Amino acid sequence: MSQQYTSSYWQERKEDVAWLDEQSLNAAYNAVDKHLETGNGNKTALIYEAEDGTVKRFSFLALSQQSNKFANYLLSKGVKKGDRVFLFLPRIPELFIGFLGILKTGAIAGTMFSAFQKDALRDRLENSGATVVITAKELVDRIEQIKSELPELKHVLIVDDETFQADLELHPDNFSVCKTSPEDFAFMLYTSGTTGKPKGIVHAHYGCLQQHESAKLALDLKPNDIYWCTADPGWVTGIVYSILSNWSLGITTVVYGGRFDAEKWYEILEKHKVTVWYSAPTAIRMLMAKGTPLVKKYNLSSLRYLASVGEPLNPEAVIWGKEAFGKYFHDTWWQTETGSIMITNTPNLEVKPGSMGKPFPWVEAAILDDDGIPVPDEEEGNLCLKPFWPSLMRTVWQNKEKYESYFKNGWYFSGDRAKKDKDGYFWFVGRADDVIKTSGERVGPFEVESALVEHPSVVEAGVIGKPDEIRGEIIKAFVVLKPGVEGTEALKTELAEHVKKHLAGHAYPREVEFIDKLPKTRSGKIMRRILKAKELGQPIGDTSTLEEY
Ligand code: PRX
């Protein structure tokens, strides 16, 4: 194993996860199969509730056997260690089982959020060279539309198709799990930056050790907990804290397959007697908007610990949580790239509403200037972490240059701006780049701009995140139209629909403004910073590199 990830700290805790042998660690075996060997096979691993209220329960034994069938099926289709196998599924049990099955074969699992449309799917499948996509009847059309452009894609499996199901049933429910090394790749997730298409962030099996420890401490998980993480496995939180770490700890986990709905969410908490709840600021603010009296209609006395991730958790939401549930939401900070929670409010840390908390004992975090020099306490700078750690991304798929760009002067630069106070608490300030966080989801402006310019009426577009009380940010597009095209309200709606249809249901501009010309640098780069400053009525700042505007 690469020495750089194995500090003595992690060496000493190595046995907290289950190794296949001295050298082999497989994150799926560790999450599920190991419980069969300790007599916990019959414990409920997954309580799944569909949008229509149907509930299914899966023991660790059932998850193990069903993911074994999946793994056998994949091998029969020629899947080999290191192949990329992607899941494009709604939140149904097969998403969780399929993910585990892929890891068991030694292939690399990729997930794609079910709101993705063909442009977003094509970017991911093309770049990763995925050979198999696992999907469902309701989504398969979107894959069929782009299949001819993906020469490496050999199989499209439809989990609710009768032939597939009959085939799957023929495969045995025992499987010899691939003896992956801790450094072998386990899963990859495409995530957005300022420039270019989304990048494939790749994680290794060894990450499960740190994911296990972080869930235990940051989410305060105990053996008898009923835990609900509301995130979709299309995003990193859903993979790490709804599959790999929670099950590594042997925790009964709730998954709700439906959309956000305040009443429904409270019903889930009440009905399944959830004790630990991990959610996101936009959802908390949406619940807050529905008011405290609604919360009081439900018996939520089982709730013991609340946590949040993904975007800034404003102090009002933390304080409301205390009023409504009698508990604070504990903010946690991390990124797709870090692979596990890095900064957090652990249970015994006094909550300062609005702060992300403090780094874990195994994390060295600092606020540095652009040259990597520490800035004084209370001053804003770059939020940086000292590499390396087990759950850190191992590479950016086929983009070494991008991977290397995260590291400078011996530090990992997160791309976030933050402050540290005199007590050592970290406070989020904003992004150092143009990345947008809308409803907790990370969206690159370039992807939205590219989708907009595909529309026949558009010459070019500049996209920014505009602050929004509920969603954190909304996507706003400034659009230059072709000569003679009239900028009507109907066209604004049409452009938003166009992005929804081509890119993703969640990544469309909620606001569109037509302008004559975009601010650009002399080399032709769109200056989104200027669009944003103008939108917010702020000073435009240094315009020395700006083309005449
Ligand atoms: O800007 C930070 C924000 O989300 C980014 C990472 O997004 P993603 O890779 O999608 O992962 C999200 C879930 C792990 C960060 O660079 N972010 C995440 N957590 C917080 C946050 N911003 C403020 N406060 C947080 N607690």
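Side chains are part of it too, since the values below use all heavy atoms of this structure and drop only hydrogens, waters and symmetry mates. Indexing begins at 1, ligand by ligand and atom by atom, following the structure's order. Every value quoted in this text rests on a predicted model; they were computed, and no experiment measured them.
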Practice prompt. Compare every heavy atom of P359 with every heavy atom of G424, then report the nearest pair and how far apart it is.
Written response: O-CD, 4.2 Å

Worksheet item: Can you tell me the protein heavy atom closest to atom 20 (C) of ligand 1 and the distance?
Response: W333 CD1, 3.5 Å

Worksheet item: Which bit of D331 gets closer than 4.0 Å to ligand 1, counting heavy atoms only: side chain, backbone, both or neither?
Response: side chain

Response to the item:
If you scan protein heavy atoms around atom 11 (O) of ligand 1, the nearest is T336 N, 3.6 Å

Fill in: Whether T237 lies under 4.0 Å from ligand 1, heavy atom
yes

Worksheet item: Backbone, side chain, both or neither: what part of Q335 comes under 4.0 angstrom of ligand 1, heavy atoms only?
Response: both

Worksheet item: Would you say E323 has more than 12 foreign heavy atoms packed within less than 6.0 Å of its CD?
Response: yes

Worksheet item: Of the backbone atoms (N, CA, C, O) and the side-chain heavy atoms from C-beta on, which set of F428 has a member under 4.0 Å from an atom of ligand 1: side chain, backbone, both, or neither?
Response: side chain

Worksheet item: Taking both backbone and side-chain atoms of K437, is any N or O found less than 3.5 Å from an N or O belonging to ligand 1?
Response: yes

Worksheet item: Any idea how Y241 and W334 line up, ring-wise: parallel (<30°), tilted (30 to 60°), or perpendicular (>60°)?
Response: perpendicular

Fill in: Atom indices of ligand 1 within 4.0 angstrom of P312 heavy atoms, with elements
22 (N), 23 (C), 24 (N)

Worksheet item: Counting both backbone and side chain atoms, is some N or O of G310 under 3.5 Å from an N or O of ligand 1?
Response: yes

Worksheet item: Between T191 and ligand 1, is there a nitrogen or oxygen pair with a distance under 3.5 Å?
Response: no

Item to complete: Check whether more than 12 heavy atoms from other residues, nucleotides or ligands sit under 6.0 Å from atom NZ of K290, and answer yes or no.
Response: no

Item to complete: Would you mind listing which atoms of ligand 1 come within a distance below 4.0 Å of any non-hydrogen atom of R442?
Response: 6 (C), 7 (O), 8 (P), 9 (O), 10 (O)

Worksheet, complete the sentence: A student checking ligand 1 against R431 at a 4.0 Å heavy-atom cut-off should list atoms 1 (O), 16 (O)

Worksheet item: What protein heavy atom is closest to atom 15 (C) of ligand 1, reported as residue, atom name and distance in Å?
Response: D416 OD2, 3.2 Å

Item to complete: Evaluate the ring planes of F116 and H506, with Trp represented by its six-membered ring, and classify them as parallel (under 30°), tilted (30 to 60°) or perpendicular (over 60°).
Response: tilted

Worksheet item: Tell me, which protein residue and heavy-atom name are nearest atom 26 (N) of ligand 1, and how many Å apart are they?
Response: T332 O, 2.7 Å

Fill in: Donor-acceptor side-chain pairing of N409 and D371 below 3.5 angstrom
no

Worksheet, complete the sentence: Counting heavy atoms under 4.0 Å, the part of E441 that contacts ligand 1 is neither

Worksheet item: Could you go step by step and tell me if W320 and F329 meet the ring pair (Phe, Tyr, Trp, His ring centres under 6.0 Å) rule?
Response: CA-CA 9 Å; W320 175 74; F329 279 97; 7.2 Å; no

Worksheet item: Which heavy atom of the protein is the closest neighbour of atom 25 (C) of ligand 1, given with residue, atom name and distance?
Response: E311 O, 3.5 Å

Worksheet entry | Lys NZ or Arg CZ of R394 over Y206 ring: under 6.0 Å, within 45° | no

Practice prompt. Determine, for W427 and K420, whether the Lys NZ or Arg CZ falls below 6.0 Å from the six-membered ring centre while staying within 45 degrees of the axis.
Written response: no

Discussion item. Could you tell me if E337 and T191 have a donor-acceptor pair between their side chains, going purely by distance under 3.5 Å?
Written reply: no

